[in-house]
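Atoms within a ligand are numbered from 1 in the order they appear, just like the ligands themselves. Throughout, residue positions are numbered sequentially from 1 according to the sequence presented.
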Amino acid sequence: YSYESIESIIKFILSRTSQRPEIGIICGTGMGGLADILYEKESFPYKEIPDFPVSTVPGHLGFLVFGKLNGTQVICMQGRFHVYEGYSVWKCVMPIRVMKLIGVRVLIITNAAGSVNQNFSVGDIMLIKDHINFSGLGSNNPLRGKNDDRWGPRFSPMSDAYDLRLRQLVRTIAKKLDLDKYLKEGVYCMIGGPSYETVSEIQLLKLLGADAVGMSTAHEVIAARHCAIRVIGISLITNSCVMKHDSEEMPANHEEVMEVGNLHKKDLEKLVTEIIMNIDTV
Ligand SMILES: O=P(O)(O)O[C@@H]1C[C@H](O)[C@@H](CO)O1
């Protein structure tokens, strides 16, 4: 997508809504309900937006939702794009550039993830402090190809990707909401999927310093930081990864991931609502 093609998508969308949100949300698997906390909603099915990819994964509805929360305008992706769906990585992140041109300054990226850190429990919320872009360390980076300086620089730093001040805000809010016992902080590792990891792969990721593993987010964060959007990353721990060979533990499965997402969506909704209400203060 050229800058101009994103501009024409923007024209299509903005001629159909008067809302101009500065805060974006990407809903992880089973977390589409986050859009339900908005009022004065205006929803655009992805399939009706010119040149937009469509969601193909259960637990990802496929709507771009505009709405308000306590007077603050928000745009929400109810459904994201994964590389394993067959989309190129640059295509997966195009909605982030759409959000940028709409005026988004802060993006709250959520995902479902398996825990690698054995101190984490299913239902915990992991505030992402850093990521390992396993599939991107080679050349599967969304910024690969000719750089358009209107988005950002050719070489984009990532050492401060997960905004320190926003993380402090999330910690404070979790405490206030009595969610701090579930709040963990750690490193998210993105793998390509769609197969889950072998036991040896999980052991490897643990050695590398990963606390949780999933199939999204890192490419989105790269695209967001490239165009100077500040990022909050939140993983819901939906399953514990099997760490030992010949174990009787239940293997990872998407049904469990969706179910746990659904079970804990209220905690996430409370957290995200409060974050949005306080975001201007940092
Ligand atoms: O979109 P997210 O990262 O929340 O979804 C995770 C990763 C896979 O898409 C799926 C596996 O169950 O859940």
Side-chain angles (χ1 to χ4, degrees), residues 24-35 46 53-65 76-89 91-96 107-116 120 122-128 130-136 140 142 162 184 186-198 201-202 205 210-224 231-242 249-265 267-269 271-272:
I25 304 175
I26 300 180
C27 301
T29 291
M31 298 166 207
L34 280 173
Y46 293 160
V54 291
S55 295
T56 66
V57 183
H60 290 266
L61 284 175
F63 289 94
L64 196 60
V65 183
C76 186
M77 278 182 73
Q78 214 175 20
R80 64 148 54 87
F81 307 113
H82 305 87
V83 179
Y84 66 74
E85 291 173 75
Y87 294 122
S88 309
V89 65
K91 194 161 193 168
C92 290
V93 303
M94 72 75 95
I96 287 146
L107 182 56
I108 303 171
I109 302 185
T110 65
N111 63 55
S115 63
V116 176
F120 291 2
V122 169
D124 280 351
I125 293 168
M126 185 185 88
L127 183 56
I128 306 179
D130 201 356
H131 74 224
I132 299 171
N133 183 11
F134 207 86
S135 46
N140 199 21
Y162 297 87
K184 304 280 156 48
V187 177
Y188 174 89
C189 179
M190 176 185 178
I191 52 118
S195 51
Y196 294 106
E197 310 71 32
T198 64
E201 284 164 352
I202 291 297
L205 299 186
D211 295 295
V213 58
M215 304 173 194
S216 67
T217 301
H219 55 325
E220 297 162 347
V221 175
I222 292 170
V231 169
I232 298 176
I234 296 174
S235 295
L236 176 67
I237 303 299
T238 52
N239 55 291
S240 303
C241 294
V242 181
E249 282 171 77
M250 185 169 61
N253 65 89
H254 192 60
E255 288 65 39
E256 184 193 15
V257 169
M258 285 196 293
E259 196 181 303
V260 173
N262 217 21
L263 218 60
H264 293 274
K265 68 177 186 201
D267 286 347
L268 273 179
E269 284 169 20
L271 188 66
V272 170

Residue-level breakdown please: for H82 versus ligand 1, do any non-hydrogen atoms fall below 4.0 Å on the side chain, on the backbone, on both, or on neither?
side chain
Is there a side-chain contact (heavy atoms from CB on, under 4.5 Å) between N239 and V257? Walk through the geometry before answering.
CA-CA 7 Å; N239 55 291; V257 169; 3.8 Å; yes
Checking the side chain of S88 only, and the main-chain atoms of K91 only, is there a donor and an acceptor separated by less than 3.5 Å?
no
Short list, please: which atoms of ligand 1 are under 4.0 Å from a heavy atom of Y84?
8 (C), 9 (O)
So is H60 in contact with ligand 1, going by heavy-atom distances below 4.0 Å?
yes
Looking only at protein heavy atoms, identify the closest one to atom 13 (O) of ligand 1 and say how far it is in Å.
T29 OG1, 3.2 Å
The protein heavy atom nearest to atom 11 (C) of ligand 1 is Y196 OH, 3.3 Å
What are the atoms of ligand 1, with element, lying closer than 4.0 Å to any heavy atom of N111?
3 (O), 4 (O)
When only distance counts, is S216 in polar contact with ligand 1, meaning an N/O pair under 3.5 Å?
yes
With a 3.5 Å distance limit and no angle check, can you tell me whether Y87 reaches the backbone of V93 through a side-chain donor-acceptor pair?
no
How are the rings of H131 and Y162 set relative to one another: parallel (under 30°), tilted (30 to 60°) or perpendicular (over 60°)?
perpendicular
Can you tell me if S235 uses its side chain to pair, donor with acceptor, with the backbone of A112 under 3.5 Å?
no
Taking both backbone and side-chain atoms of A112, is any N or O found less than 3.5 Å from an N or O belonging to ligand 1?
yes
Rounded to the nearest 0.5 Å, how far does CG of L271 lie from CG of L34?
9.5 Å
Output the list of atoms in ligand 1 that are nearer than 4.0 Å to some heavy atom of G28, sorted by atom number.
4 (O)
Quick one: which ligand 1 atoms are inside 4.0 Å of a heavy atom on R80?
1 (O), 2 (P), 3 (O), 4 (O)
Would you confirm whether H254, through its side chain, and G59, through its main-chain N or O, come within 3.5 Å as a donor-acceptor pair?
no
Taking heavy atoms and a distance under 4.0 Å, where does V257 meet ligand 1: side chain, backbone, both or neither?
side chain
Strictly by modelled atom types, are N111 and S216 linked by a side-chain donor-acceptor pair under 3.5 Å?
no
